[in-house]
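Please read the structure below before turning to the comments.
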Amino acid sequence: MKVFARLLALLVLLLAAVPGHAALPSPAPGRLSVYFLDVGQGDAALIVSPTGKTVLIDGGPPEAGARLAARLRELVKGPLDLVILTHPHLDHLGGLRAAVKAVGAKRFMDPGFDHPSEAYRDLLDFVGHEVGQVMSPEPNPQAPQTLLTVGLGEGVALTVLWPRVPQESFLANTRSDPNANSIVTKLTYGKTAFLFTGDSEPPTEEVLLQKPVDLTATVLKVAHHGGKHSSTAAFLERVKPQAAVISCGVGNDYGHPSPEVLGRLRDVRARAFRTDQDGEVLAVSDGTTVTLRSTKGGAGATSLSGTQQAGSPVALGPIQPTPHGRSGRSTEKEPEPGAPRTRTPVEPPAPASASEATGERYVSLKGSKVFHRESCKTLKRSKNERTVYTSRADALRERRPAEDCHP
């Protein structure tokens, strides 16, 4: 028995030492780490800045929730600073409840695009109770020609390129309006950059190509799991990715990634990583180079030199609204109802007297620890029972002020 036990222990050690299958390391202090998590047929990416700020972009499908939660517990200390849902489809939102329950979250952002999905509405109710601030990526109304940027410390910035409601209306009459209005962000650190595209469609890409925006990126998160309708040749030529990460499930029913997209990535000489074949992918930047490795990548690490002009803005000029009538855009469509609006995640609270001067009442949702102004759009997104307070002082006795409307 002793001999068998020793052989078994040796076998375990040998299996653990097999190259390409070891768990990827925890975030390195002083480095920007981006984990493209393996959640099957869906999307989830975790950003950890050099100062430890964390952003989760999407949460994969429901069946990935437990696995995502476990991985976040390994990688994240304390609540996530920001959770971004790029668009309200189940393969991107399904695991977010488990993720937030596992580690917590300070802020939640989604496009604010109205969608009838019951799973989406349930998620909004959940984050309305569990997350301090629920917001959508509205540009600063005092500077509408600029892009919303979230600072993550040490010169790391996450800039929202699309959507830009209410400065520009949501795209309409596309193949999939929820996909076309995915939140598109660019993460920059020194000479390196990452572009996250959600499930954006060709009309989204066309809008971005029309703007004076620097789209180049060292690493591209490929749109729509490598579906053939996204990642057009013109868009890839502008982005010039050196590496491209495709998040998709093994043997998925959609045939993702498509041969067309893989061919277009080869045409721009981008090294493709696929979560269905490579597992989880980790990209680490020191501001000059990006090193990528994967859990199943037997070939070892890949190092790429960044080509961004360090310190240069993402926007090359003032951002003007895209002309109406192009890219399937409606000429009269009003901004869709949905997420509450804030200027930026770091916008200082409004003075307490600002809402009191209007005689506005204050409202708290059942089970929530915060209260809102009666006009707050968060309330319109929830059907939960609510408590109404006629004065701020009464509300403060039982709740704390919400961070989205600063009552």
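Every value quoted in this text rests on a predicted model; they were computed, and no experiment measured them.
Contact annotation: the side chain of Pro137 approaches that of Met109 to within less than 4.5 Å [non-hydrogen atoms, C-beta and beyond]. Residues Leu124 and Asp110 form a side-chain contact, since some pair of their non-hydrogen atoms from C-beta on lies under 4.5 Å apart. A 4.5 Å side-chain heavy-atom check between Leu147 and Leu161 finds at least one atom pair inside the cut-off. With contacts defined as side-chain heavy-atom distances shorter than 4.5 Å, the pair Val165/Glu138 does not qualify. At least one side-chain heavy atom of Leu56 sits under 4.5 Å from a side-chain heavy atom of Leu96. Side-chain contact between Thr54 and Val103 is absent, with no heavy atoms from C-beta onward closer than 4.5 Å. With a 4.5 Å cut-off on side-chain heavy atoms, Leu75 and Leu46 count as touching. At least one side-chain heavy atom of Val245 sits less than 4.5 Å from a side-chain heavy atom of Val219.
Note that CD1 of Ile47 is 4.5 Å distant from CG of Leu187, once rounded to the nearest 0.5 Å. Rounding to the nearest 0.5 Å places CG of Asp91 at 8.5 Å from CG of Asp58. In this structure, Arg164 CZ and Gln145 CD are separated by 8.5 Å, a value rounded to the nearest 0.5 Å. The CG atom of Leu304 sits 13.0 Å away from the OG1 atom of Thr288 when rounded to the nearest 0.5 Å. How far CZ of Phe196 is from OG1 of Thr185: 6.0 Å, rounded to the nearest 0.5 Å. Arg269 CZ to Leu265 CG: the interatomic distance, rounded to the nearest 0.5 Å, is 14.0 Å.
Summarising the local packing, CD of Gln309 is surrounded by 12 or fewer heavy atoms from other residues, nucleotides or ligands at distances under 6.0 Å. Counting heavy-atom neighbours within 6.0 Å of Lys211 NZ, excluding the residue itself, gives a total above 12. Counting heavy atoms of neighbouring residues, nucleotides and ligands inside a 6.0 Å radius, atom CD of Glu118 does not exceed 12 of them.
When ring centroids are compared, His87 and His115 stay outside the 6.0 Å threshold.
Side-chain N or O atoms of Asn179 include none that pairs as donor or acceptor with a backbone N or O of Arg175 at under 3.5 Å. Between the Ser285 side chain and the Leu32 main chain, no donor and acceptor come within less than 3.5 Å of each other. Looking only at distances, no side-chain donor or acceptor of His92 sits under 3.5 Å from a matching main-chain atom of Gly60. Judged purely by atom type and a 3.5 angstrom limit, Ser364 has no side-chain atom pairing as donor or acceptor with the backbone of Thr387. For the pair Asp177 (side chain) and Thr174 (backbone), a donor-acceptor distance under 3.5 Å is present. No donor-acceptor pair closer than 3.5 Å links the side chain of Lys186 to the backbone N or O of Ala157. Judged by distance alone, the side chain of Gln308 and the main-chain N or O of Gly287 form no donor-acceptor pair under 3.5 Å. Counting only distance, with no hydrogens or angles, the side chain of Arg107 and the backbone of Ile84 share no donor-acceptor pair below 3.5 Å.
Between Pro61 and Gly42, the shortest heavy-atom distance links the atoms CD-CA, 4.0 Å. Scanning all heavy atoms of the two residues, the minimum distance from Thr51 to Gly153 falls at OG1-CA, 4.0 Å. Smallest separation of non-hydrogen atoms from Val184 and Ser200: CG2-CB, 4.3 Å. Between Ser230 and Ala223, the shortest heavy-atom contact is CB-CB, 3.8 Å. Tyr35 and Ser26 get closest at one heavy-atom pair: OH-C, 3.1 Å. Looking at every heavy atom in both residues, Leu215 comes nearest to Leu195 through O-CD2, 4.0 Å.
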>> Assess the residue pair Thr149 and Thr159 against the criterion (side-chain hydrogen bond (donor to acceptor under 3.5 Å, both in side chains)); give the C-alpha distance rounded to whole Å, side-chain angles, the decisive distance to 0.1 Å, and a yes or no.
In response: CA-CA 4 Å; Thr149 296; Thr159 302; 3.0 Å; yes

> For Phe126 and Asp122, what are the C-alpha separation, side-chain angles and deciding distance, and is it a side chain to side chain contact (heavy atoms under 4.5 Å, CB included)?
Replying inline: CA-CA 6 Å; Phe126 171 76; Asp122 289 345; over 6 Å; no

> Please walk me through it: do Thr204 and Asn181 pass side chain to side chain contact (heavy atoms under 4.5 Å, CB included)?
Replying inline: CA-CA 7 Å; Thr204 323; Asn181 293 295; over 6 Å; no

>> Checking Ser182 against Thr86 for the side-chain hydrogen bond (donor to acceptor under 3.5 Å, both in side chains) test, could you report, in this order, the C-alpha distance in whole Å, the side-chain angles of both residues, the deciding distance, and whether it holds?
In response: CA-CA 5 Å; Ser182 292; Thr86 59; 4.6 Å; no

> Could you walk me through whether Ser176 and His89 pass the side chain to side chain contact (heavy atoms under 4.5 Å, CB included) check?
Replying inline: CA-CA 11 Å; Ser176 169; His89 279 165; 3.8 Å; yes

> Which is it for Asp286 and Tyr189 under the side-chain hydrogen bond (donor to acceptor under 3.5 Å, both in side chains) test, yes or no, and what are the steps along the way?
Replying inline: CA-CA 8 Å; Asp286 60 5; Tyr189 180 37; over 6 Å; no

>> Apply side-chain hydrogen bond (donor to acceptor under 3.5 Å, both in side chains) to residues Ser294 and Glu280 and explain how you reach the verdict.
In response: CA-CA 6 Å; Ser294 65; Glu280 181 177 297; over 6 Å; no

>> Using side chain to side chain contact (heavy atoms under 4.5 Å, CB included), reason through Lys53 and Val150 one step at a time and then give a plain yes or no.
In response: CA-CA 11 Å; Lys53 295 289 185 181; Val150 180; over 6 Å; no

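A side-chain hydrogen bond (donor to acceptor under 3.5 Å, both in side chains) with His256 holds for exactly one of Gln41, Arg274, Lys228, His224; it is Gln41.
Using a 4.0 Å cut-off between charged side-chain N and carboxylate O, Asp38 and Arg71 make no salt bridge. Remark: Asp43 engages Lys221 in a salt bridge, criterion side-chain N to carboxylate O under 4.0 Å. Remark: Asp278 does not engage Lys296 in a salt bridge, criterion side-chain N to carboxylate O under 4.0 Å.
Evaluation of the side chain to side chain donor-acceptor pair (under 3.5 Å) test over residues 231-242, restricted to residues two or more places apart or in two chains, returns Glu205-Thr232. A ring-ring contact (aromatic ring centres under 6.0 Å, His included) check over residues 42-67, counting only residues at least two apart or in different chains, returns nothing.
Residues meeting the side-chain hydrogen bond (donor to acceptor under 3.5 Å, both in side chains) test with Thr302, sequence neighbours left out: Arg271.
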